[in-house]
Q: 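Structure below; questions to follow.
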Amino acid sequence: MKSHPSKERTLVILKPDAIQRALMGEIVARYERLGLKLVGLKMVVPTAEQIEGHYTLDPNWRRVTGEKTIKSYKDRNLAPPSEDPLEITAKILKNLKKYMTAGPVITMVWEGAHAVELVRKITGGTEPRSSPVGTIRGDFVVDSYTMSDADDRAVRNLIHASGSVGEADMEIPYWFKQDELVDYKVSREDILYEKELRGILP
Ligand code: ADP
Ligand code: MG
């Protein structure tokens with residue numbers, strides 16, 4: 001049976017910079033405030049193998065990320081370091097492994113209507129500099145591709161969030177065993193989802 005759309009789940013990872021900058025409470029508060037429910041949480045110090053495995057779960061990620069990066073150079077009227085998306089992604093992946101294994105991260109699973117899409121919306125775009133005001137990356141980070149290119153490193157943007165429902169379906173079981181995810185109810189779900197709005201008046 002297909003589950004109700006309010007049960008959509010997405011994976012979020014608070015990257016090492018989020019922990020170091022003491023922003024975990026702030027970030028969790030934003031997803032809670034939206035109306036999502038936390039159904040899994042743990043702290044891990046990832047290995048480089050774990051990070052490579054995570055980013056290559058989607059066989060298209062290398063190509064898509066390379067193409068997105070080439071476009072970001074062209075949008076800035078700059079020549080990309082290579083026209084080959086896979087070559088560009090190989091460098092990004094090498095830098096990502098260094099970034100993501102620099103310290104503990106917190107992996108989380110959030111549940112609610114349109115969880116994947118809405119977490120991406122309030123998290124902002126990959127590059128903090130061009131992320132809109134009001135998004136987490138736009139509000140809390142000064143980093144940019146200009147900065148990360150100058151120092152040949154990954155752009156530091158606090159958060160990983162699944163990019164699609166398909167990505168979430170691969171990423172959640174990659175980081176969480178079935179029994180580490182909790183099925184439970186919070187009372188605010190009544191006002192968010194209860195069809196008949198029962199239980200408010202006596
Ligand atoms: P997102 O995290 O927004 O889904 P991607 O999946 O494309 O972005 O890339 C994964 C991570 O790799 C980004 O969050 C960022 O830390 C890093 N990254 C991606 N593209 C670049 C780039 N062109 N330069 C530096 N770092 C990058
Ligand atoms: Mg991504």
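Ligands are counted one by one from 1 in listed order, and the atoms in each one are counted from 1 as well. Computation of the quantities below employed the complete heavy-atom set of this structure, encompassing side-chain atoms and omitting hydrogens, waters and symmetry-equivalent molecules.
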Q: Do NZ/NE/NH1/NH2 and the carboxylate oxygens of Arg156 and Asp151 come within less than 4.0 Å?
A: no
Q: Are Lys42 and Phe176 in a cation-pi setup, meaning NZ or CZ lies under 6.0 angstrom from the ring centre and within 45 degrees of the ring axis?
A: yes
Q: Is it the case that the side chains of Thr126 and Tyr145 hold a donor-acceptor pair, with the cut-off being a distance below 3.5 Å and no angle test?
A: no
Q: Measuring only between side-chain heavy atoms, which start at C-beta, is Thr89 closer than 4.5 Å to Trp61?
A: yes
Q: Verify whether one side chain among Asn95 and Asp152 offers a donor that lies under 3.5 Å from an acceptor in the other.
A: yes
Q: Hydrophobic side-chain clustering at under 4.5 Å (ILVMFWY, transitive links): who's grouped with Leu78? Put none if nobody.
A: Tyr73
Q: With hydrogens left out, which residues have an atom under 4.0 Å from ligand 1, given that only heavy atoms count?
A: Lys15, Tyr55, Trp61, Thr65, Lys68, Thr69, Ile92, Leu96, Tyr99, Arg120, Thr126, Arg137, Tyr145, Ser148, Arg153, Ala154, Val155, Asn157
